[in-house]
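One structure is given here, and the rest of the page talks about it.
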2 protein chains.
Amino acid sequence: MKQTAFCRAELVAVLLNVRKDTPCVLTLEKGQILPSGPLTMGGRSLQRELRGWVEQQTGMVLGHTEQLYTFADTQVADKSRLVRISYMAMISSNIDQTPAERSLYDYFPWEDRRNPEAHLLLQHIVGLLKEWVGMSADKQQRCARLFGLDPYAWNDELALDRYELLWEAGLVQEARVFQGHISLGLPMQADYRRVLATALSRVRAKIRYTSVVFDLLPETFTLLQLQQAMEALAGCWMHKQNFRRLVLQQKLVEETGAFDTPQQGRPAKLFRFRPQMGQNCYLAGAKLPLTPLS
Amino acid sequence: MKQTAFCRAELVAVLLNVRKDTPCVLTLEKGQILPSGPLTMGGRSLQRELRGWVEQQTGMVLGHTEQLYTFADTQVADKSRLVRISYMAMISSNIDQTPAERSLYDYFPWEDRRNPEAHLLLQHIVGLLKEWVGMSADKQQRCARLFGLDPYAWNDELALDRYELLWEAGLVQEARVFQGHISLGLPMQADYRRVLATALSRVRAKIRYTSVVFDLLPETFTLLQLQQAMEALAGCWMHKQNFRRLVLQQKLVEETGAFDTPQQGRPAKLFRFRPQMGQNCYLAGAKLPLTPLS
DNA sequence: GGTACATATACTCAAAATGAGCATATGTAC
DNA sequence: GTACATATGCTCATTTTGAGTATATGTACC
C-alpha cells in the first residue's frame, strides 16, 4: 500500500552535567559538534545504540536519557534525507572534568540571567531585534513574550524559542542569512546548536516537576549544591530558605547523617534523593522561587 | 569518519479532537491503525510531509502539531530498520464528525476516571498485576505509583507508563507474551497503541500549561465547553467554580458578547481565546482543580 | 403568569502555599 | 576571642487553593 523511501539516520547526544554553578555540555571538535553516530542494522534499541556510540567517542556512561527531537536535513550531495534523532542524557557530576566540556552559556550567553553582563547583552539583542521587527505587530509581540518585555515576565523555559527567533532574525551565525555584526554565542556545525537549545529548554522544564536534577548530582549532596544545580540550569537565582522548605516539606531527600567539609562556613548536612518519589517531584511550580529583585 | 546505514522512515499522526465529553482519535482500518506515510526524498519539512499524507488519507487539516517520539522497529523480513516518527495534531471540534473517530478510552478504558465502571476495571487490573508483581518490591512500588495505590495519588499524566507496565505484564494483546484472559482495551497494529498512549500522556501534560486545548475547541466556546474538554482529556471531573476563577483571573479568554443557545438552563457567555497569551497558559497547576470525592 | 428544572455566575471563608525577611547556629581562619 | 561565612530555624503578610452556599437567568410546561 505504501512505499517507504530509504534515508540515513544519525543519533546525536547532548550530554549534560553541572560543575558547581555552571551547566556543561560535552562536545567534540573544539566545541563545534556533539557526539553522534549512525543508526546501524543491528537490532538494538535506539537508546542502547546511542550509548554505544557515546561510550566509544567519549568514554562516558549515561544516566537518565531522554529523546529530544527528530530533525530532518536534505543532504545537498545526493538529495537524500538525513534523519537526526537527538537525545539528552545526564552525567553525574562526580565524574572528573573532561577537557571537552563547555558551559551551555558559551552557546547561549543571553540565557544566564545570573550574570550581570547578560543583562547588557540582552538589551543589545532587543535593540537588534527592534530592527528586524519593523512594523509587524506579530513579531513585536513574539519578541516581547520571548524576551520578557513589558507585559510579560522572563520565562526560562523558552530558550529554544528564543534561539529560533534569533535564527529567523539572522542574528546567529548558523542562520541562512547572517546579518549580525558580533557573534551571539559560540556557533556549532549543522543543526547542533538547535539541538542544544532544545535540550536546554527541555531540561529547564523538567527540573521543575521531575527528579532529573538528581541525576546530575553526586550520590550525596548538600541542599546548596542542589540549589546551585537548579540555578545553573534555570539561569537565575533562587531564594535559599524557601527553596529548602520546598524540598524538605515534600520529603524529596533524606539525611545521610554525614556532613560536608567546606572551605568556609558551617558544614552542611549531606542528603540523598529518596527514589521512592519516582520521577514525581515538585522542585518548583510554574514559577521558580526566585530571589527578589536581582 | 562515520558511516551511516540506510533505513526506512515512516511518519505517523495521532489526530485528536474532543466531542462534547469524549476525547477522540482519528483512525483507519477499523480502528487498528493510524494515518501514516513514508518519508520521501523531497525537500519538505517533516511536518509538511506529514500534513500531506494526512490530508490525502483523511482530508483533515491539522491545527497545532507536535512531534511525539521516534520509535525504531527491526523488520523481520530483511532485518532492515524502520524508524517511525510520530506526531500528535489537534483538530478543531467544529469539523463534522468523521466515521473513523474513536474514543481514546476505547483503547485505554482504565484511564477514564469519570466513568464508574472504570473503577471496577482498575480494581481488576490491580488484582491481575499483583500476580505479576510477585515478591518484587520494585515492581510493587512501581505499580503503586502508576496506579495511585496507597501512599500515591492517581496521576493522569502517567498514561504512557501505565500502558507500558501493562505491556510488560503481558496484559495487553500487543504484548510479546499476552497472558490476559479478557482484552484490556482495543488493540492496534504494530506500535500504534503505544504511540497513542504517548499522545495521551503528552496532551494531558500540555493542557495544563499551554494553550493546546483551545486548538481543540471551536473559535468561540463557553466556559463549560472548555472545562468539558479538559475533563475529557484528563479523564476526571473538575470543580466548576474554581476552574472558572482560574481561567478568568488569568485573562486567558475574552467575551465575544454573544451567548450560547442551550437546550436547557441559562445561556452561557461565549468566549474566545486571547492569542496574546502565546502558548503560555496555566489551566491547572501540578494538580488539577478536582471535584471533591468523586 | 407561575412552577419546575437546569445551567450560569457571584461571592464567601477557611486552609494551604508562597514570598520575603530576620534571627540564630556552627563551622573555619587568625 | 573575633571576624567571617555559610547553614538552619522561624515569622508573618499575602496569594492561591479547595469547597461550598447563594443567586441569576434562561427553557418547558401547567
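Quick note on labels: first sequence line is chain A, next is B, and so on, each numbered from 1. Bear in mind the structure is a predicted one, so any value in this text is a computation, not a measurement.
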Self-check item: Verdict with supporting geometry, B:E101 and B:R19, salt bridge (Lys or Arg N to Asp or Glu O under 4.0 Å)
Solution: CA-CA 10 Å; B:E101 270 176 29; B:R19 304 267 172 216; 2.8 Å; yes
Quiz item: Does B:F214 have its ring centroid less than 6.0 Å away from the ring centroid of B:F221?
Solution: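 When the ring centroids of B:F214 and B:F221 are compared, they turn out to be within the sub-6.0 Å range.
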Exercise. Test the A:R204-A:W154 pair against the cation-pi criterion, namely NZ or CZ under 6.0 angstrom from the six-membered ring centroid and within 45° of the ring axis.
Key: no
Practice problem: Check whether any side-chain N or O of A:S93 sits under 3.5 Å from a backbone N or O of A:L217 as a donor-acceptor pair, and report yes or no. | Solution: no
Quiz item: Just by modelled atom types, is the B:A159 backbone N or O under 3.5 Å from a matching donor or acceptor in the B:S201 side chain?
Solution: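 Side chain of B:S201 to backbone of B:A159: a pair is present.
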Self-check item: Residues which pass side chain to side chain donor-acceptor pair (under 3.5 Å) with A:Q276, listed by chain and number, not counting sequence neighbours
Solution: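 Applying side chain to side chain donor-acceptor pair (under 3.5 Å) to A:Q276 gives A:R274.
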Self-check item: Contacts of type side chain to side chain donor-acceptor pair (under 3.5 Å), residue B:K269, not counting sequence neighbours
Solution: B:E255
Measure distances between side-chain N and O atoms of [X] and base N and O atoms of [N], and say whether any donor-acceptor pair falls under 3.5 Å.
X      : N      : answer
B:D260 : C:dA8  : no
A:R244 : D:dG9  : no
B:R245 : D:dG18 : yes
B:Q241 : C:dT12 : no

Shorter than 3.5 Å, N or O on both sides, protein versus nucleotides 24-30 of chain C: list them out with atom names.
residue : atom : partner : partner atom : Å
C:dA25  : N3   : A:R266  : NH1          : 2.9
C:dT26  : O4'  : A:R266  : NE           : 3.2

Atom [atom1] of [X] and atom [atom2] of [N]: how far apart are they, to the nearest Å?
X      : N      : atom1 : atom2 : answer
B:F243 : C:dA10 : CZ    : C1'   : 18 Å
B:L226 : C:dA8  : CG    : C1'   : 15 Å
A:Q225 : D:dA7  : CD    : C1'   : 13 Å
A:L246 : D:dT8  : CG    : P     : 16 Å
A:Q250 : C:dA17 : CD    : C1'   : 11 Å
B:F271 : C:dT9  : CZ    : P     : 6 Å
A:Y282 : D:dT16 : OH    : P     : 12 Å

Quiz item: Taking only residues at least two apart or on different chains, which pairs with a member in residues 140-150 of chain B satisfy side-chain hydrogen bond (donor to acceptor under 3.5 Å, both in side chains)?
Solution: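 As it turns out, the side-chain hydrogen bond (donor to acceptor under 3.5 Å, both in side chains) pairs with a partner in residues 140-150 of chain B, which skip direct neighbours, are B:Q141-B:Y152, B:R142-B:E168.
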Quiz prompt | Position toward the 5' end of DNA chain D (nearest nucleotide), A:F259 or A:N242 | solution =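 The residue closer to the strand's 5' end, by nearest nucleotide, is A:F259.
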Exercise. Identify, between B:Q249 and A:T222, the residue whose nearest nucleotide on DNA chain D lies closer to the 5' end.
Key: A:T222
Exercise. Could you tell me whether B:K240 contacts a base, only the sugar-phosphate backbone, or nothing, with contacts defined as non-hydrogen atoms closer than 4.0 Å?
Key: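 Touches a base.
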Quiz item: So what does A:L223 touch, heavy atoms closer than 4.0 Å: a base, only the sugar-phosphate, or nothing?
Solution: nothing
Quiz item: Picking from C:dG21, C:dT9, C:dT7, which would you name as closest to the side chain of A:H239?
Solution: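 The listed nucleotide nearest to A:H239's side chain is C:dG21.
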Exercise. Working to the nearest 0.5 Å, report the span between NE2 of B:H124 and CG of B:L184.
Key: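 Spacing of NE2 (B:H124) from CG (B:L184) equals 7.5 Å.
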Practice problem: Would you mind reading off the bend of the helix from C:dG1-D:dC30 to C:dC30-D:dG1 from its two end axes, five pairs each, to 10 degrees? | Solution: 0°
I'd like a table of donor-acceptor pairs (distance under 3.5 Å, sequence neighbours excluded) in which one partner is a side-chain atom from residues 258-268 of chain A, with atom names and distances.
none

